[in-house]
Chemist: 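I'd like to ask some things about the structure below.
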Protein chains: 2
Amino acid sequence: MKKEEKNLYDAKAKIFKALGHPTRLWITEKLAQGECCVCNLVEPLAADFSTVSKHLSVLKEAGIVEDEKRGKQVYYSLKVPCLMGFMSCVEDVIENRIREHMDLFSSRKIV
Amino acid sequence: MKKEEKNLYDAKAKIFKALGHPTRLWITEKLAQGECCVCNLVEPLAADFSTVSKHLSVLKEAGIVEDEKRGKQVYYSLKVPCLMGFMSCVEDVIENRIREHMDLFSSRKIV
DNA sequence: TGGCTGTTTGGTTATATTGCCAAATATAAC
DNA sequence: GTTATATTTGGCAATATAACCAAACAGCCA
């Protein structure tokens, strides 16, 4: 990997990494349904305000979401809806994994 | 987030997390072009054999790649090609980010 | 101004990840 | 069997992440 190529992969990986946390993934999907202020994310996540805020800043830093202050509240929204098109593929991966585990389990029974 | 929902997001996040490392992302894209043995990945990555092997096991554990031993070598291949359809979206995110940085830069000049 | 609400930032601690080295394992060749 | 090659595993040190608490900040209202 050359230096330039390395930079590109660093940049791409950063986006995946940002999505690679259950809380951030949840937030991202939530925002796919429409903008939301921090205060409305805190409760369903049952996490500290500061924790949610930090997760949001990771997503923002990655270019996935954007924020807009309105009054006392900050509204976050999904900047790149195309990300969501990927979810069915991710779910396929999970289904495969489950299926394989089941195969493993049933073949054990047979043996 | 309920417990079940949490499990689903953990599972999904695991896949993103696996892709969230430049080396693993590079490997994934490489394997999208066709199967490859570990020995042929080590050189272009300029990393230790054991390092590459560990990255591959993360990808395998996530259900993204699969391996097949043939002789002395282990061949890895991409299990879910649909992942690659996502890359153009990821590149869009990066382009946006670059564009915004440039805007920031040029607006500074004006001010 | 002072206080209240929503949000971010800083600090700390616990935990996870990464990358290298050395050692273990597996398969092929001699 | 011994040796050589390909790969995985275990261990360790450096670094990065995550979550919470407390403190700072920003905007509104009395």
Side-chain angles (χ1 to χ4, degrees), chain A residues 1 3 6-7 9-28 30-31 34-77, chain B residues 1 3 6-7 9-28 30-31 34-77:
Chain A
M1 247 200 300
K3 202 169 183 179
K6 166 83 173 128
N7 287 339
Y9 281 96
D10 280 347
K12 286 193 203 176
K14 187 177 182 178
I15 294 160
F16 284 102
K17 202 172 180 178
L19 295 167
H21 187 286
T23 301
R24 289 195 291 266
L25 201 51
W26 186 92
I27 291 173
T28 304
K30 170 83 175 167
L31 296 183
E35 63 164 26
C36 195
C37 72
V38 187
C39 50
N40 286 332
L41 295 168
V42 167
E43 201 211 313
L45 286 168
D48 199 85
F49 226 106
S50 68
T51 302
V52 175
S53 177
K54 274 176 188 169
H55 281 305
L56 284 164
S57 84
V58 172
L59 289 170
K60 184 184 166 188
E61 178 65 22
I64 295 166
V65 305
E66 56 192 346
D67 60 344
E68 190 195 332
K69 187 150 198 170
R70 289 210 291 277
K72 274 184 287 191
Q73 290 154 335
V74 178
Y75 285 85
Y76 280 86
S77 56
Chain B
M1 247 201 300
K3 202 170 183 179
K6 166 84 174 130
N7 287 340
Y9 281 95
D10 280 347
K12 287 193 203 177
K14 187 177 180 178
I15 294 160
F16 283 102
K17 201 171 178 179
L19 295 168
H21 187 287
T23 301
R24 290 195 292 267
L25 201 50
W26 186 92
I27 291 173
T28 304
K30 170 84 175 167
L31 296 182
E35 63 163 25
C36 194
C37 73
V38 187
C39 49
N40 286 332
L41 295 169
V42 167
E43 201 211 313
L45 285 169
D48 199 87
F49 225 106
S50 67
T51 301
V52 175
S53 177
K54 273 177 189 168
H55 280 305
L56 283 163
S57 85
V58 171
L59 289 169
K60 185 184 167 188
E61 176 66 21
I64 295 167
V65 306
E66 57 192 346
D67 60 343
E68 190 194 331
K69 186 151 199 171
R70 290 212 290 277
K72 273 184 288 192
Q73 289 152 337
V74 179
Y75 285 85
Y76 280 85
S77 57

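Residue numbers start from 1 in every chain, and the chains themselves are labelled A, B, ... in the order their sequence lines are given, proteins ahead of strands.
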Chemist: What's the closest nucleotide to the side chain of Ser50(A) if the choices are dT9(C), dC20(C), dT7(C)?
Modeler: dT9(C)

Chemist: With a 3.5 Å cut-off and sequence neighbours excluded, list the donor-acceptor pairs that the side chains of residues 53-60 of chain A form with protein atoms.
Modeler:
unit_1: His55(A); atom_1: ND1; unit_2: Arg24(A); atom_2: NH1; d: 3.0
unit_1: Ser57(A); atom_1: OG; unit_2: Lys54(A); atom_2: O; d: 3.0
unit_1: Lys60(A); atom_1: NZ; unit_2: Asp67(A); atom_2: OD1; d: 3.4
unit_1: Lys60(A); atom_1: NZ; unit_2: Asp67(A); atom_2: OD2; d: 3.1

Chemist: For the pair made of CZ in Arg70(A) and P in dG6(C), what is the distance, rounded to whole Å?
Modeler: 15 Å

Chemist: Which nucleotide, in any strand shown, forms a Watson-Crick or G-U wobble pair with dA29(C), with both distances under 3.5 Å?
Modeler: dT2(D)

Chemist: Which is more 5' along DNA chain D, the nucleotide nearest Val58(A) or the one nearest Val38(B)? Just name the residue.
Modeler: Val38(B)

Chemist: Could you give the OH-to-P distance, from Tyr75(B) to dA26(C), as a whole number of Å?
Modeler: 20 Å

Chemist: Within the pair Tyr76(A) and dT8(C), is there a side-chain N or O less than 4.0 Å away from OP1 or OP2?
Modeler: yes

Chemist: In whole Å, what is the span from the NZ atom of Lys69(A) to the P atom of dG6(C)?
Modeler: 12 Å

Chemist: Which atom names give the shortest non-hydrogen contact between Ala13(B) and Leu25(A), and what distance separates them?
Modeler: N-CD2, 3.5 Å

Chemist: Glu43(A) CD to dG6(C) C1': how many Å, rounded?
Modeler: 15 Å

Chemist: Reckon His21(A) has a side-chain N or O less than 4.0 Å from the OP1 or OP2 of dA19(D)?
Modeler: yes

Chemist: Both Arg24(A) and Asp67(B) contact DNA chain D. Taking the nearest nucleotide for each, which residue is further toward the 5' end?
Modeler: Asp67(B)

Chemist: Where the side chain of His55(B) is concerned, which of dT8(D), dC20(C), dG19(C) is the nearest nucleotide?
Modeler: dG19(C)

Chemist: Between the base of dG10(C) and the side chain of Lys54(A), is one N or O donor paired with an acceptor at under 3.5 angstrom?
Modeler: yes

Chemist: So, is the end of the Lys12(A) side chain (NZ or CZ) under 6.0 Å from the ring centre of Tyr9(A) and within 45° of the ring's axis?
Modeler: yes

Chemist: Is the closest side-chain heavy-atom distance between Lys6(A) and Pro22(B) below 4.5 Å?
Modeler: yes

Chemist: Whole angstrom is fine here: how far is it from CD in Gln73(B) over to C1' in dA28(C)?
Modeler: 11 Å

Chemist: Please report, rounded to the nearest Å, how far the P atom of dT17(D) is from the CG atom of Leu59(A).
Modeler: 14 Å

Chemist: Is it true that Asp10(B) and Lys14(B) make a salt bridge, defined as a side-chain N closer than 4.0 Å to a carboxylate O?
Modeler: no

Chemist: Please report the distance, rounded to the nearest Å, between CZ in Phe49(A) and P in dC21(D).
Modeler: 15 Å

Chemist: Distance check needed: dC25(D) C1' versus Lys72(A) NZ, whole Å only.
Modeler: 14 Å

Chemist: Given that Lys17(A) and Thr51(A) both sit by DNA chain C, which one's nearest nucleotide is further toward the 5' end?
Modeler: Thr51(A)

